[in-house]
Enquirer: 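What follows is a structure written as structure tokens; I'll ask about it next.
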Protein chains: 2
Amino acid sequence: MPAHQPVGTSTTKATPARGKRAPKDAGQQETAPAAEVFAVDQVNASFLESLLGYNARRASLSLVGVFVKCMEGFDLKIVEFSLLSLVGGNPGITSRQLCQQLDVLPPNMVGMIEVMTRRGFLERRPHPRDGRAMGLYLTEAGRALVDQAEPQLKASESAAVSHLSVEEQQQLLNLLQKLYR
Amino acid sequence: MPAHQPVGTSTTKATPARGKRAPKDAGQQETAPAAEVFAVDQVNASFLESLLGYNARRASLSLVGVFVKCMEGFDLKIVEFSLLSLVGGNPGITSRQLCQQLDVLPPNMVGMIEVMTRRGFLERRPHPRDGRAMGLYLTEAGRALVDQAEPQLKASESAAVSHLSVEEQQQLLNLLQKLYR
DNA sequence: TATTGTTATACTCTATAACTATA
DNA sequence: TATAGTTATAGAGTATAACAATA
């Protein structure tokens, strides 16, 4: 699942010196010298790999991939699961509140809510204090889905990061939150 | 910069008990009782926030945002900078190799290379050993751009994570790489 | 037969403008 | 006047199929 962002791996350097290029032709009437050509065997991505942002993105994509695969079993996109999970934890939440939490624009939220409603996971009731808004609630099927999907997601993540110690996992969580909070 | 993935913040819980919902109507001919309605003040995203993947994504988005802003000064998208940086470090790299590194499909790479070429940052020369392929090289303007952009990116990231100690930054880098490598 | 680069094209995701009903 | 939800639509990003040239 790509996303307008680099994903590299290699580290070995087997290419010509960085920035090396054919010398500029000085004379005006001379025949241009044939430009040098190289073949790259091992791609060197050392600069990108030195960036925290690059590594954070790759790690994120890796875990998101695990989530995507896990949610395929429920025929849910990640954003759809997130929506249901939030409604599950916040009965009566409004469309706007979901938009803010999920960083989805209101026009794009409409369809998602409609799909989840048509699939029988969501229902809408009037908001107790705001006549413009609608509160969202899980149906029984929605609650069952969330109650099944959440622990499964948690388990698939645990399996994916099991090569890190519990201390490392906690450390990573703390550092990540320190980064964006 | 959204992206099919949740972005939440709140932690406080000021909503009804999780999963609470109106009792099911038992009788068949009875009038259905009015469903309970709630208002959510503080959104509770505690489950999502417990996931490493969620936190990794939020941290990643935060840093990518810094990169995007930084590269706007060069009128470059992140993927375009990454492309130029890779060509800079790998003179003669092919389109296919870039596709693999950047996780971009070949048909979608064509336009990027064309744009960077038209803007005078890239040039294409025949591949020394493969008549089907073309090697990519930075022009002088391209080299100048990369040599200016790379340290600027590095600096903007450093500023963005300056509230972490150098040890924490190194620790985070190691843990992130452990996660996806 | 397989691969590189390419075209055309479809599909998904994201963004903007504008409308209505209510606050 | 501002905001919640909505419609329509534009734009960017991502995906598949197929082709010519070369391996």
Side-chain angles (χ1 to χ4, degrees), chain A residues 1-7 37 39-41 43 57 61 64-65 68 71-72 75-80 82-83 87 92-118 122-136, chain B residues 1-7 37 39-41 43 57 61 64-65 68 71-72 75-80 82-83 87 92-118 122-136:
Chain A
M1 74 250 10
H4 52 282
Q5 188 61 7
V7 170
V37 294
V40 174
D41 296 321
V43 176
R57 174 150 190 97
L61 284 179
V64 167
V68 168
M71 286 302 101
E72 275 172 5
D75 192 22
L76 285 180
K77 298 170 196 165
I78 304 293
V79 67
E80 290 173 331
S82 305
L83 190 164
V87 175
I93 194 173
T94 67
S95 169
R96 281 282 159 157
Q97 289 175 311
L98 283 174
C99 284
Q100 288 166 1
Q101 284 291 320
L102 300 176
D103 205 4
V104 169
L105 293 171
N108 302 327
M109 179 60 74
V110 176
M112 284 184 217
I113 292 177
E114 197 196 338
V115 168
M116 291 298 98
T117 303
R118 268 205 309 251
L122 276 189
E123 71 180 38
R124 304 169 1 136
R125 303 179 201 151
H127 190 281
R129 296 195 311 260
D130 189 336
R132 299 166 301 179
M134 295 293 289
L136 294 166
Chain B
M1 73 253 11
H4 52 284
Q5 189 60 8
V7 171
V37 295
V40 174
D41 295 322
V43 175
R57 173 149 190 95
L61 285 179
V64 168
V68 168
M71 285 303 101
E72 276 172 5
D75 193 20
L76 286 179
K77 298 169 195 165
I78 304 293
V79 67
E80 291 173 330
S82 305
L83 190 164
V87 175
I93 194 173
T94 68
S95 169
R96 281 282 158 161
Q97 289 175 310
L98 283 175
C99 284
Q100 288 165 1
Q101 284 292 320
L102 300 176
D103 204 6
V104 170
L105 292 170
N108 302 327
M109 180 61 75
V110 176
M112 283 185 218
I113 291 176
E114 197 197 338
V115 168
M116 291 297 99
T117 302
R118 268 206 309 252
L122 276 189
E123 71 180 39
R124 301 165 8 131
R125 304 182 200 150
H127 190 281
R129 296 195 309 261
D130 189 337
R132 299 166 300 180
M134 295 292 291
L136 294 167

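Quick note on labels: first sequence line is chain A, next is B, and so on, each numbered from 1. Hydrogens, waters and symmetry mates are skipped; everything else that's a heavy atom, side chains included, is used.
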Enquirer: B:H127 has an atom NE2; how far is it from atom C1' of D:dT22, in whole Å?
Expert: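 After rounding, the gap between these two atoms is 13 Å.
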Enquirer: With nearest nucleotides of DNA chain C determined for A:P107 and A:R132 from heavy-atom distances, which residue corresponds to the more 5′ nucleotide?
Expert: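 Result: A:P107.
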Enquirer: Indicate the atoms forming the closest heavy-atom contact of B:L136 with B:S95, along with that distance.
Expert: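 Nearest heavy atoms, B:L136 then B:S95: CD1-N, 4.3 Å.
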Enquirer: Output the rounded distance in Å from CD (A:E114) to P (D:dG5).
Expert: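 Answer to the nearest Å: 15 Å.
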Enquirer: Quick one: B:L102 CG to D:dA15 P, roughly how many Å, whole number?
Expert: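 My rounded result for the distance is 14 Å.
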Enquirer: Any idea which of D:dA15, D:dG13, C:dG5 is nearest the B:K77 side chain?
Expert: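 Of all the options, the side chain of B:K77 is nearest to D:dG13.
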Enquirer: Nearest to the side chain of A:P106 - C:dA15, D:dA15, D:dT6?
Expert: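 The nucleotide sitting nearest to the side chain is D:dT6.
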Enquirer: What bend angle does the helix from C:dT1-D:dA23 to C:dA23-D:dT1 show across its length, from five-pair end axes and to the nearest 10 degrees?
Expert: 10°
Enquirer: Any donor-acceptor pair under 3.5 Å between the side chain of B:R96 and the base of C:dT4?
Expert: no
Enquirer: Quick one: A:L105 CG to D:dT9 P, roughly how many Å, whole number?
Expert: 19 Å
Enquirer: A side-chain contact here means heavy atoms from C-beta on lying under 4.5 Å apart; do B:D75 and B:E80 qualify?
Expert: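 No, side chains not in contact.
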Enquirer: Would you please confirm or rule out a distance under 4.0 Å between OP1 or OP2 of C:dT6 and any side-chain N or O of B:R124?
Expert: yes
Enquirer: Taking all non-hydrogen atoms of both residues into account, name the closest pair between A:T94 and A:A133 and its distance.
Expert: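 Taking A:T94 first and A:A133 second, the nearest heavy atoms are CG2-CB, 4.1 Å.
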Enquirer: In whole Å, I'd like the distance from the CE atom of B:M109 to the C1' atom of C:dT3.
Expert: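 Nearest whole value for this atom pair: 16 Å.
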Enquirer: Taking OP1 and OP2 of C:dT4, is either one under 4.0 Å from a side-chain nitrogen or oxygen of B:S95?
Expert: no
Enquirer: Over how many whole Å does the gap from A:N108 atom CG to D:dA10 atom P extend?
Expert: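 Distance check: A:N108 CG to D:dA10 P gives 15 Å.
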Enquirer: What integer distance in Å separates A:L122:CG from D:dG5:P?
Expert: 13 Å
Enquirer: Do A:L102 and A:M109 come close enough that some side-chain heavy atom pair is under 4.5 Å?
Expert: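 Yes, their side chains come closer than 4.5 Å.
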Enquirer: Taking CG from B:D103 and P from D:dG13, how many angstroms apart are they, rounded to a whole number?
Expert: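 Nearest whole value for this atom pair: 15 Å.
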Enquirer: Judged by each residue's nearest nucleotide on DNA chain C, which is more toward the 5′ side, B:D130 or A:R129?
Expert: B:D130
Enquirer: Name the nucleic acid region contacted by A:M134, choosing base, sugar-phosphate or nothing; use a 4.0 angstrom heavy-atom cut-off, strictly under.
Expert: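 Sugar-phosphate, no base atom in range.
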Enquirer: Do B:I113 and B:R124 have side chains that get closer than 4.5 Å, going by heavy atoms?
Expert: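 Of all side-chain heavy-atom pairs linking B:R124 with B:I113, at least one is under 4.5 Å.
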Enquirer: Work out which heavy atom in B:Q97 is nearest to a heavy atom in B:I93; give both atom names and the distance.
Expert: OE1-CG1, 3.4 Å
Enquirer: Closest approach of A:V64 and A:I78, non-hydrogen atoms and distance?
Expert: O-CD1, 4.5 Å
